[in-house]
Undergrad: 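There's a structure below that I have some questions on.
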Amino acid sequence: MSKRSPLPNSGQYTGQSRWLLLFVVFTIFVGVALFSLQAGSSMPDLRDYPAGSERKSAFFDFARPLVEDENQRISQDRDRLVAIAADSPGFFDRRWLARLAEEYRIENPDPTDPDLVASLLVRVDTVPLSLALAQAAKESGWGTSRFAREGYNLFGEWCFNEGCGMVPRARPISSTYEVESFRSPRESVASYMHNLNTLPQYQTFRLKRAKLRAANDELSGIVLAEKLLQYSQRREAYVLEIQQLIRSNDLE
């Protein structure tokens, strides 16, 4: 009589399959995450595209996912804030609120104070895609400026510590500002949104956005651009140019 090979243990087989499935899912997740990070880690040379519709299309294809990804990250924090606002925060919620308040530059936050959540909801919110794309196009010369190509600065942000960025060739002798350098275009997008959501000069922007939210209205880039008078020294003229960019490129 021939001996039969012992049957595999079904429980062991099931466990191995489960771990194999988890490994495959984890590998796919890591691969997607790395691809997403790499997609925003370098800057294409948009000078390779003819000025006009081809360059515009290439620029929007590059910048759009960066803006959408950062808005998605902000939306996740906002969703948790909304959930906390509907209930009393627990221990871990209070710790998270304290960290978020620090990130969004709220001084002396009290995680047990209901007003903290209300204050954070004004700040922790998305920036309209149309507005971000129009400003990025304007400030970076459709991605072709020296500051965009070499410093990954898509939004013309300044910094004031020596060596923090790139010195403009036409900077007045008495000035000390530099055009900030970033490690990646993705970092530039995150910094831009964080500035709009935290700096004092953009408080009217945030309050207008909160009013749109309260009225269940769309966050319109054209409407919110009106509150960015302090983004540029050109004030009203700058706002009109951003609004025209949104309209002429059908961004909204």
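What you see is a predicted model; the values in this text were computed from it and never measured.
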Undergrad: Treat each ILVMFWY residue as a node, draw an edge where side-chain heavy atoms are under 4.5 Å apart, and state whether Leu228 and Leu240 are in one component.
TA: no
Undergrad: Please determine if Arg55 and Asp48 form a salt bridge, counting it only when a charged side-chain N lies under 4.0 Å from a carboxylate O.
TA: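 Here Arg55 does not pair with Asp48 in a salt bridge, since their nearest N and O are not under 4.0 Å apart.
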Undergrad: Going by atom types alone, do Asn153 and Arg146 pair a side-chain donor with an acceptor below 3.5 Å?
TA: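 The criterion, which ignores hydrogens and geometry beyond distance, is not satisfied for Arg146 and Asn153.
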Undergrad: Between Ser140 (side chain) and Ala136 (backbone), is there a donor-acceptor pair under 3.5 Å?
TA: yes
Undergrad: Do you know the tightest heavy-atom contact between Ile222 and Gln243?
TA: O-NE2, 2.9 Å
Undergrad: Are Val117 and Leu97 side-chain neighbours, meaning at least one heavy-atom pair lies under 4.5 Å?
TA: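 Yes, at least one pair of side-chain atoms sits under 4.5 Å.
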Undergrad: Rounded to the nearest 0.5 Å, what's the gap from SG on Cys159 to CD on Glu178? Could you check?
TA: 5.5 Å
Undergrad: Got a donor-acceptor contact below 3.5 angstrom from the Ser145 side chain to the Gly141 backbone?
TA: no
Undergrad: Does a side-chain heavy-atom distance below 4.5 Å link Glu252 with Leu131?
TA: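 Glu252 does not reach Leu131 side chain to side chain.
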Undergrad: Indicate if Leu207 and Ile106 have the same hydrophobic cluster label, given that clusters are the connected sets of ILVMFWY residues with side-chain heavy-atom separations under 4.5 angstrom.
TA: no
Undergrad: For the residue pair Tyr152 and Glu187, establish whether any side-chain heavy-atom pair is separated by less than 4.5 Å.
TA: no
Undergrad: Enter the distance from Ile242:CD1 to Leu224:CG here, rounded to the nearest 0.5 Å.
TA: 13.0 Å
Undergrad: Are Arg78 and Asp125 within salt-bridge range, i.e. N to O under 4.0 Å?
TA: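 Result for this pair is yes, salt bridge flagged.
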Undergrad: Does Val127 share a hydrophobic cluster with Val122, counting links as ILVMFWY side-chain heavy atoms below 4.5 Å and allowing steps through other members?
TA: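 Val127 does not cluster with Val122.
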Undergrad: Verify whether the ring centers belonging to Phe155 and Tyr192 lie closer than 6.0 Å.
TA: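 Yes, the ring of Phe155 comes within the 6.0 Å limit of the ring of Tyr192, centre to centre.
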Undergrad: Report the C-alpha distance between Asp45 and Arg149 in whole Å, list the side-chain angles of each, state the deciding distance to 0.1 Å, and finish with yes or no for salt bridge (Lys or Arg N to Asp or Glu O under 4.0 Å).
TA: CA-CA 7 Å; Asp45 194 341; Arg149 290 183 289 106; 5.3 Å; no
Undergrad: Rounded at 0.5 Å granularity, tell me how far CZ in Arg105 sits from CG in Leu199.
TA: 5.0 Å
Undergrad: In this structure, are over 12 heavy atoms from other groups packed under 6.0 Å from Tyr49 atom OH?
TA: no
Undergrad: Mind checking the CG-CZ spacing from Leu121 to Arg123? Nearest 0.5 Å is all I need.
TA: 12.5 Å
Undergrad: Going by the rule salt bridge (charged side-chain N to carboxylate O under 4.0 Å, His left out), which residues pair with Arg247 if we only count those two or more places apart in sequence or in a different chain?
TA: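 Listed in chain order: nothing, the list is empty.
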Undergrad: Which residue is it: Lys138, Gln233, Gln135? I am looking for the one with a side chain to side chain donor-acceptor pair (under 3.5 Å) to Tyr238.
TA: Gln135
Undergrad: Can you tell me how the ring of Phe59 sits relative to the ring of Trp142, calling it parallel under 30°, perpendicular over 60° and tilted otherwise?
TA: perpendicular
Undergrad: Is the closest side-chain heavy-atom distance between Glu150 and Met43 below 4.5 Å?
TA: no
Undergrad: Once salt bridge (charged side-chain N to carboxylate O under 4.0 Å, His left out) is applied, do any residues pair with Glu70, and if so which ones, sequence neighbours excluded?
TA: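 Glu70 satisfies salt bridge (charged side-chain N to carboxylate O under 4.0 Å, His left out) with Arg73 only.
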Undergrad: Any side-chain heavy atom of Phe182 within less than 4.5 Å of one from Leu154?
TA: no
Undergrad: State, to 0.1 Å, how close Pro89 and Ile84 come at their nearest heavy-atom pair, and which atoms those are.
TA: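 Shortest heavy-atom separation between Pro89 and Ile84 comes out as CB-CG2, 3.8 Å.
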Undergrad: So which heavy atom on Ala101 is nearest to which on Pro109, and how close?
TA: CB-CB, 3.5 Å
Undergrad: Quick one, Thr126 and Gln72 - any side-chain contact, counting heavy atoms below 4.5 Å?
TA: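 Contact flag for Thr126/Gln72 side chains = no.
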Undergrad: Cluster partners of Phe92, using ILVMFWY side-chain heavy atoms under 4.5 angstrom, listed by chain and number?
TA: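 In the cluster with Phe92 are Phe91.
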Undergrad: Look at atom CZ of Arg95 and say whether more than 12 heavy atoms of other residues, nucleotides or ligands are closer to it than 6.0 Å.
TA: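 Atom CZ in Arg95 is not packed in, count stays at 12 or less.
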Undergrad: So which residues get pulled into Met166's cluster when ILVMFWY side chains under 4.5 Å apart are joined, directly or through others?
TA: Phe147, Trp158, Phe160, Tyr177, Val179
Undergrad: Assess whether side-chain contact (heavy atoms from CB on, under 4.5 Å) is satisfied between Asp217 and Lys211, documenting all intermediate values.
TA: CA-CA 8 Å; Asp217 289 337; Lys211 287 182 179 179; over 6 Å; no
Undergrad: Rounded to the nearest 0.5 Å, what separates atom CD in Glu103 from atom CG in Leu120?
TA: 9.5 Å
Undergrad: Counting heavy atoms not belonging to Glu102, are there more than 12 under 6.0 Å from its CD?
TA: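 Not more than 12 within 6.0 Å, no.
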Undergrad: Looking at Glu68, is its backbone amide N or carbonyl O close enough to the side chain of Asn71 to form a donor-acceptor pair, meaning the two atoms are under 3.5 Å apart?
TA: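 Not confirmed, Asn71 side chain does not pair with Glu68 backbone.
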Undergrad: Test Ser191 against Glu157 for side chain to side chain donor-acceptor pair (under 3.5 Å), laying out the working first.
TA: CA-CA 9 Å; Ser191 177; Glu157 292 182 63; 2.8 Å; yes
Undergrad: Arg94: what forms a salt bridge (charged side-chain N to carboxylate O under 4.0 Å, His left out) with it, not counting sequence neighbours?
TA: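 With sequence neighbours excluded, Arg94 shows a salt bridge (charged side-chain N to carboxylate O under 4.0 Å, His left out) to no residue whatsoever.
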Undergrad: For the NZ atom on Lys208, are there more than 12 heavy atoms of other groups (residues, nucleotides or ligands in this structure) within a distance under 6.0 Å?
TA: no
Undergrad: List the steps and the verdict of side-chain contact (heavy atoms from CB on, under 4.5 Å) for Leu196 and Arg206.
TA: CA-CA 8 Å; Leu196 291 188; Arg206 296 190 291 270; over 6 Å; no
Undergrad: Using a cut-off of 6.0 Å, state whether more than 12 heavy atoms not belonging to Gln203 lie near its atom CD.
TA: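 Open.
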Undergrad: Which atoms form the tightest heavy-atom contact between Leu116 and Pro111, and what is the distance?
TA: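 Distance-wise, the nearest heavy atoms are CD2-CA, 3.7 Å.
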Undergrad: Among Ile, Leu, Val, Met, Phe, Trp and Tyr joined by side-chain contacts under 4.5 Å, find the other residues sharing a cluster with Val239 and list them by chain and number.
TA: Leu229
Undergrad: Tyr231 versus Tyr202: any side-chain heavy-atom pair under 4.5 Å?
TA: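 Of all side-chain heavy-atom pairs linking Tyr202 with Tyr231, at least one is under 4.5 Å.
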Undergrad: Picking from Ser220, Pro128, Ser130, what satisfies side chain to side chain contact (heavy atoms under 4.5 Å, CB included) with Ile246?
TA: Ser130
Undergrad: Just verifying a value: how many Å separate Asp77 CG and Ile74 CD1, rounded to the nearest 0.5 Å?
TA: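 Rounded to the nearest 0.5 Å, the CG-CD1 separation comes to 8.0 Å.
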Undergrad: I want to check something: taking the side chain as every heavy atom from C-beta on, are Ser57 and Glu54 in contact at a cut-off of under 4.5 Å?
TA: no
